[in-house]
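As a basis for the values below, the full set of heavy atoms in this structure was taken, side chains included, without hydrogen atoms, waters or symmetry mates.
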Amino acid sequence: VRFESVSFSYEGSKREALKNISITLPKGKTIAIVGANGSGKSTFIKLLCGFYFPSKGAIYFDGQTSDAIGQQAIAQNMAAVFQDFALYNVSAAQNIALGDALRPMNEADVVKAAKAAGIHDVLEGLPQGYNTLLGNSFYGGEELSIGQWQKLAIARAFYRNAELLVLDEPSSALDVYSEEQIIHSIQQMTADKTAIIISHRLTSVQWVDEIYVFDQGEIIEHGSHNDLMVQQGHYFKLFQAAKKM
């Protein structure tokens with residue numbers, strides 16, 4: 001995946017949410033996008049997923065531009081977990097299997113994804129196990145905590161087993177222990193995939209291959225965690241501030 005001189009403005013706005021972004025996402029590598037609120041991280045993900053197309057420049061998937069491929073084809077080859085992940089009032093197993101709704105549910109893969117996301121024990125302990133109806137929209141449904149719903153959303157992405165994995169704040173609702181577990185699973189599940197992680201928690205992305213620091217819609221720094229710490233620039237200051245929180 002390659003962003004080549006990409007700029008973007010939302011309809012009706014004169015302000016560029018992204019300005020001349022050039023990033024290459026090598027196959028089989030994991031990169032992180034970090035930065036303060038309003039830095040352009042979420043807009044970058046929306047363009048990557050094909051929800052919008054660049055105002056200037058182009059996004060290439062294996063040499064073809066995103067507008068030539070189309071949003072549907074882009075979506076078919078990626079799995080994504082967003083900050084405002086969906087809460088489906090269906091069974092636990094169906095919640096996970098919706099990650100790849102075009103194929104019949106594979107129960108073994110459902111359990112594998114749930115274990116990787118750290119939600120298996122919770123689901124197995126429900127009154128009807130994985131067949132338990134979730135949510136409170138229907139009578140008899142079992143409600144989960146927001147952290148457990150987030151793990152379920154991550155399991156849904158793992159179940160899809162796509163070549164491109166997009167994780168937008170994957171640990172925002174998790175405690176420190178659960179976050180460590182999820183990060184370990186992400187490392188394992190993305191070993192041979194291309195993955196992009198958006199995160200405010202800089203301590204959770206130290207292990208990635210490359211980190212891009214966004215500020216006001218621009219890339220101001222990039223490199224490994226160690227490289228960026230040595231530079232003692234914007235990332236260094238963000239990381240030091242995060243450690244004090």
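- Using modelled atom types, one side-chain atom of K41 and one backbone atom of A36 make a donor-acceptor pair closer than 3.5 Å.
- Within the 4.5 Å cutoff, side-chain heavy atoms of L47 are placed close to those of I59.
- Panel note: side chain S13, backbone Y10; no donor-acceptor pair is recorded below 3.5 Å.
- Two rings, from F53 and F8, have their centers 6.0 Å or more apart.
- The closest side-chain donor-acceptor pair between Y130 and H120 falls under 3.5 angstrom.
- Counting heavy atoms from C-beta outward, V81 and F158 have side chains that stay 4.5 Å or more apart.
- Distance CD1/I196 to OG1/T194: 7.0 Å, rounded to 0.5 Å.
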Test log, rule side chain to side chain contact (heavy atoms under 4.5 Å, CB included), inputs M229 and Q240
CA-CA 10 Å; M229 292 299 287; Q240 294 298 105; 3.8 Å; yes
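- Checked by atom type and distance alone, the side chain of Q94 pairs as donor or acceptor with a backbone atom of S91 at under 3.5 Å.
- Each of L167 and F3 belongs to its own hydrophobic cluster when Ile, Leu, Val, Met, Phe, Trp and Tyr are linked at side-chain heavy-atom distances under 4.5 angstrom.
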Report the C-alpha distance between R103 and D109 in whole Å, list the side-chain angles of each, state the deciding distance to 0.1 Å, and finish with yes or no for salt bridge (Lys or Arg N to Asp or Glu O under 4.0 Å).
CA-CA 12 Å; R103 68 176 170 117; D109 287 346; 3.3 Å; yes
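- Judged purely by distance below 3.5 Å, without hydrogens or angles, the side chains of T65 and D67 pair a donor atom with an acceptor atom.
- The backbone N or O of S145 lies less than 3.5 Å from a partner atom in the side chain of Q148, making a donor-acceptor pair.
- Remark: the E163 side chain and the N77 side chain contain no N/O donor-acceptor pair separated by less than 3.5 Å.
- Within the 3.5 Å criterion, the main-chain N or O of S137 finds a donor-acceptor partner in the side chain of N89.
- To the nearest 0.5 Å, atoms CG (L144) and CG (L87) are separated by 9.0 Å.
- The CD1 atom of I211 sits 10.0 Å away from the OG atom of S199 when rounded to the nearest 0.5 Å.
- Through direct or indirect side-chain contacts shorter than 4.5 Å among Ile, Leu, Val, Met, Phe, Trp and Tyr, Y88 is connected to V90, L98.
- Without hydrogens or angle criteria, R156 side chain to A86 main chain gives a donor-acceptor distance under 3.5 Å.
- Ring orientation note: the planes of F44 and F214 are nearly perpendicular, at an angle over 60° on the 30°/60° scale.
- Here the side chain of E143 pairs no donor or acceptor atom with the backbone of L134 at under 3.5 angstrom.
- With 3.5 Å as the limit, one finds a donor-acceptor pair spanning the side chains of N161 and K193.
- Using modelled atom types, no side-chain atom of R2 and backbone atom of Y60 make a donor-acceptor pair closer than 3.5 Å.
- D227 places no side-chain N or O within donor-acceptor distance of the main-chain N or O of G223, the cut-off being under 3.5 Å.
- A donor-acceptor distance shorter than 3.5 angstrom exists from the side chain of D209 to the backbone of T30, with no hydrogens or angles considered.
- A distance of 10.0 Å separates CE in M78 from CG in L165, rounded to the nearest 0.5 Å.
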